[in-house]
Amino acid sequence: MTVKTMDALLVKKCFLSGAAAIQAKKEYINELNVFPVPDGDTGTNMTMTIQSAANEVAALENPKMEDICKAISGGSLRGARGNSGVILSQLLRGFTKVIKKSDEIHVNTLVQGFEKAVDSAYKAVMKPKEGTILTVAKGGAVKAAKIAKECDDLVAFADKVIEEMRRVLNQTPEMLPVLKEAGVVDSGGEGLVTILEGMRDALMGKEIDYEQVVQKPSEKPAEGSAEVRGASAGGLSTEDIRFGYCTEFIIQLERGFSSDDESEMKKYLQGIGDSIVCVADEDIVKIHVHTNDPGLAIQKGLSYGELSRMKIDNMREEHNERVILSSQSQPDKTGQTESAPRKEKAEQPRKEAGFISVSAGDGLSTIFRELGVDVVIEGGQTMNPSTEDILEAVSQVNADTVYVFPNNSNIILAANQAKALTEDKDIRVIPTKNIPQGINAMIHYMDGSSAEENEQSMTEAIGQIKSGQVTYAVRDTSIDGKEIKQGDIMGLSDKTIEAVGHDIKETTVELVRQLMEEETELVTLYYGKDVSEEEADGIAEAVSGIREDIEVEVEFGGQPIYYYFISLE
């Protein structure tokens with residue numbers, strides 16, 4: 001079969017086919033993660049990222065190339081989850097910047113698109129590392145440029161580029177020793193090749209089941225979706241909710257949207273509501289507003305272009321549901337359930353600083369709220385929130401400067417992407433890689449200090465603690481000289497696996513022993529939902545026996561999968 005050009009309809013089919021391919025293979029890709037932890041999620045993150053775009057692409061009927069590109073770029077950018085998802089979104093964004101200019105795509109168009117894709121992705125990563133998805137993408141771009149003059153058939157061209165990318169992928173263990181020791185190739189690279197293989201299938205005319213990657217409006221949120229919760233969501237009276245409808249939509253621009261247009265739009269939205277977000281990104285504008293008349297916001301948006309991803313929620317109705325659930329399940333300090341929520345004013349004056357934190361359990365979320373965090377995104381170890389989840393959280397914080405604590409190395413890129421898409425607030429992403437770092441950073445915020453001073457002090461606070469995690473292995477592997485069997489208990493530091501055993505208590509104590517330094521004074525154990533307080537106290541007693549001068553504290557974290565998060569100060 002020979003194909004020399006692609007029109008918009010064929011691009012749509014190829015993109016949806018690529019999304020279907022990684023959806024079918026996501027669990028295999030998850031299992032390629034180096035550490036055999038139960039939340040290895042590269043396949044899931046890449047799938048959810050491309051699915052966000054696939055939902056928009058599938059909704060387009062008789063699309064033009066520019067329409068397809070808007071949906072792919074905008075959908076993946078907002079839906080990006082995890083480092084692999086953010087890099088994938090940047091690859092797609094760079095690629096669509098090139099092809100949107102053509103009604104028909106030829107080999108030379110693809111070459112330029114691949115080069116722009118790789119350039120965009122490398123720029124998105126502060127310290128690019130070879131042996132990753134970036135290397136695989138670059139290998140494909142280089143091959144594409146080499147064969148362009150000798151190959152005008154898109155199918156043959158795709159075969160050769162994918163073959164080269166697979167070859168580079170198979171070489172990634174030689175580039176990263178940790179991959180070689182674990183006996184796996186790079187999981188993000190595998191995901192990228194899988195997507196391109198799916199696209200090639202559609203190019204060759206294969207019938208693809210697209211339904212599996214398109215989430216219908218009536219469906220529940222996809223597995224892994226994060227939940228954004230304000231600090232006092234259950235403490236409001238419906239009478240205190242001044243504007244009753246949370247209104248969101250995307251404008252697919254049909255004309256320019258200048259800085260004056262943006263200012264005028266924000267001024268208009270301020271006249272009909274509050275909690276305003278107006279973020280322009282090339283050909284799209286994201287709008288969020290709390291208002292009593294959603295129709296006014298929608299009408300204004302239509303004056304700039306077509307609308308998509310419209311969502312209107314009755315906040316008073318949702319609030320009543322939360323209050324009912326809260327009164328049924330949350331006891332007060334006396335052990336009795338609250339019969340009525342306390343009243344707080346929904347309308348708060350704009351403040352100097354606000355805080356957003358990703359959390360991974362009820363107990364940890366409570367700790368962050370008690371420290372002053374305004375919005376908790378419940379995600380973390382098992383659910384990487386998307387760029388759009390973080391943007392939604394930002395919209396809920398009425399502050400000039402908003403500090404974001406990702407608390408997971410796999411969320412930092414998405415947080416930075418949200419920062420780049422926010423213009424009306426000063427977003428400071430504190431690069432916390434785990435929960436203990438986030439807690440310590442929040443503690444070091446100082447009223448009266450400048451945003452720059454606080455960012456510096458909170459970032460420095462990250463390095464003042466050592467942290468660890470205890471979980472179980474999901475497969476056999478060999479890493480850092482340790483032979484690990486499925487079901488083994490593992491004690492992990494920020495960099496490696498420090499302890500392996502068959503007993504949770506023994507492994508946890510050994511992990512603390514490995515992490516402890518002469519200067520260590522305090523050890524805090526945050527125990528998960530599958531651990532009892534008595535079990536945690538028993539481990540605390542054992543840890544106290546390591547050194548007489550060590551103070552040990554026990555806190556309920558409630559996190560899934562991880563028996564303990566550990567902080568050493």
Side-chain angles (χ1 to χ4, degrees), residues 30 33-41 224 357-368 378-384 407-411 432-440 465-477 479-480 482-516 520 522-546 550-569:
N30 283 341
N33 282 274
V34 171
F35 290 108
V37 292
D39 60 342
D41 50 10
S357 178
V358 178
S359 182
D362 292 342
L364 296 170
S365 298
T366 298
I367 290 171
F368 279 116
E378 297 192 358
Q381 298 300 332
T382 58
M383 296 180 293
N384 294 152
N407 298 336
N408 186 320
S409 59
N410 208 28
I411 301 174
T432 52
K433 296 181 179 179
N434 52 57
I435 294 292
Q437 286 184 356
I439 292 172
N440 202 44
I465 64 169
K466 299 191 72 173
S467 53
Q469 306 166 88
V470 180
T471 187
Y472 57 91
V474 295
R475 67 173 186 274
D476 296 354
T477 191
I479 188 168
D480 292 336
K482 296 180 175 64
E483 291 295 328
I484 300 170
K485 300 296 182 182
Q486 182 177 351
D488 281 352
I489 306 301
M490 301 182 298
L492 298 85
S493 66
D494 292 335
K495 297 180 180 180
T496 187
I497 299 174
E498 302 284 356
V500 178
H502 303 293
D503 180 78
I504 296 175
K505 181 176 180 180
E506 291 179 1
T507 306
T508 303
V509 174
E510 179 58 25
L511 172 62
V512 174
R513 195 188 309 275
Q514 293 294 328
L515 295 176
M516 191 174 291
T520 302
L522 172 65
V523 177
T524 304
L525 303 172
Y526 301 94
Y527 64 94
K529 70 174 187 177
D530 296 322
V531 178
S532 69
E533 185 176 3
E534 291 74 20
E535 289 170 330
D537 286 340
I539 290 180
E541 184 177 353
V543 169
S544 298
I546 297 176
I550 291 294
E551 181 181 353
V552 183
E553 294 183 355
V554 175
E555 299 280 356
F556 172 63
Q559 68 272 9
I561 295 180
Y562 286 79
Y563 302 116
Y564 294 95
F565 291 148
I566 304 170
S567 172
L568 294 89
E569 303 175 49

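Bear in mind the structure is a predicted one, so any value in this text is a computation, not a measurement. Counting from 1, the numbers follow the sequence of the chain as shown.
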Checklist entry - Between T432 and N434, is there a donor-acceptor pair closer than 3.5 Å when you use the side chain of the first and the backbone of the second? => result no
Checklist entry - Which atom names give the shortest non-hydrogen contact between A499 and E510, and what distance separates them? => result CB-CG, 3.8 Å
Next on the checklist: Tell me the closest heavy-atom pair linking S544 and V552, and the distance in Å.
Outcome noted: OG-CG2, 3.4 Å
Next on the checklist: Taking side-chain hydrogen bond (donor to acceptor under 3.5 Å, both in side chains) as the cut-off, I'd like each qualifying pair that reaches into residues 529-542, sequence neighbours left out, listed once.
Outcome noted: S532-E535
Checklist entry - What closest approach, in Å, do Y526 and Q559 show between heavy atoms, and which atom pair accounts for it? => result O-NE2, 3.0 Å
Next on the checklist: Let me confirm one number: the CD1-CE distance from I504 to M490, rounded to the nearest 0.5 Å.
Outcome noted: 12.0 Å
Item to check | N384 side-chain N/O to I411 backbone N/O, donor-acceptor pair under 3.5 Å | outcome: no
Next on the checklist: With side-chain contact (heavy atoms from CB on, under 4.5 Å) as the criterion, how do D476 and I484 come out once you've worked through the C-alpha distance, each side chain's angles and the decisive distance to 0.1 Å?
Outcome noted: CA-CA 5 Å; D476 296 354; I484 300 170; over 6 Å; no
Checklist entry - Where is the tightest heavy-atom contact between T471 and L492, given as atom of each residue plus distance? => result CG2-CD1, 3.9 Å
Checklist outcome for this item: Sequence neighbours excluded, the answer for salt bridge (Lys or Arg N to Asp or Glu O under 4.0 Å) partners of K466 is E517
Checklist entry - Can S359 and S365 be counted as having a side-chain donor-acceptor contact under 3.5 angstrom? => result yes
Checklist entry - Does any non-hydrogen side-chain atom of Y564 lie less than 4.5 Å from one of I539? => result yes
Checklist entry - Is K433 close to D494 at the side-chain level, that is, under 4.5 Å between some pair of heavy atoms? => result no
Checklist outcome for this item: Value for OH (Y563) from CD1 (I489), rounded to nearest 0.5 Å, stands at 4.0 Å
Checklist outcome for this item: When rounded to the nearest 0.5 Å, the distance separating CE of M516 from CG of L511 is 10.0 Å
Item to check | Nearest atoms (heavy-atom pairs only) where I367 meets F556 | outcome: CD1-O, 4.3 Å
Item to check | Within-4.5 Å side-chain heavy-atom neighbours: T520 and E569 | outcome: no
Checklist entry - Once you round to the nearest 0.5 Å, how far does CG of L568 lie from CG of L515? => result 5.5 Å
Checklist entry - Do K482 side-chain atoms and I497 backbone N/O form a donor-acceptor pair below 3.5 Å? => result yes
Checklist entry - Do V523 and I566 come within less than 4.5 Å of each other through their side chains, counting heavy atoms only? => result yes
Checklist entry - Just checking, is any N or O donor in the side chain of S567 or N440 under 3.5 Å from an acceptor N or O on the other one? => result no
Checklist entry - So do the side chains of L522 and E553 get within less than 4.5 Å of each other, counting heavy atoms only? => result yes
Checklist outcome for this item: Here the gap from T507 atom OG1 to D488 atom CG, rounded to the nearest 0.5 Å, amounts to 8.0 Å
Checklist outcome for this item: Residues A536 and V554: closest non-hydrogen pair is CB-CG1, 3.8 Å
Item to check | I439 side, atom CD1; S357 side, atom OG - distance, nearest 0.5 Å | outcome: 8.0 Å
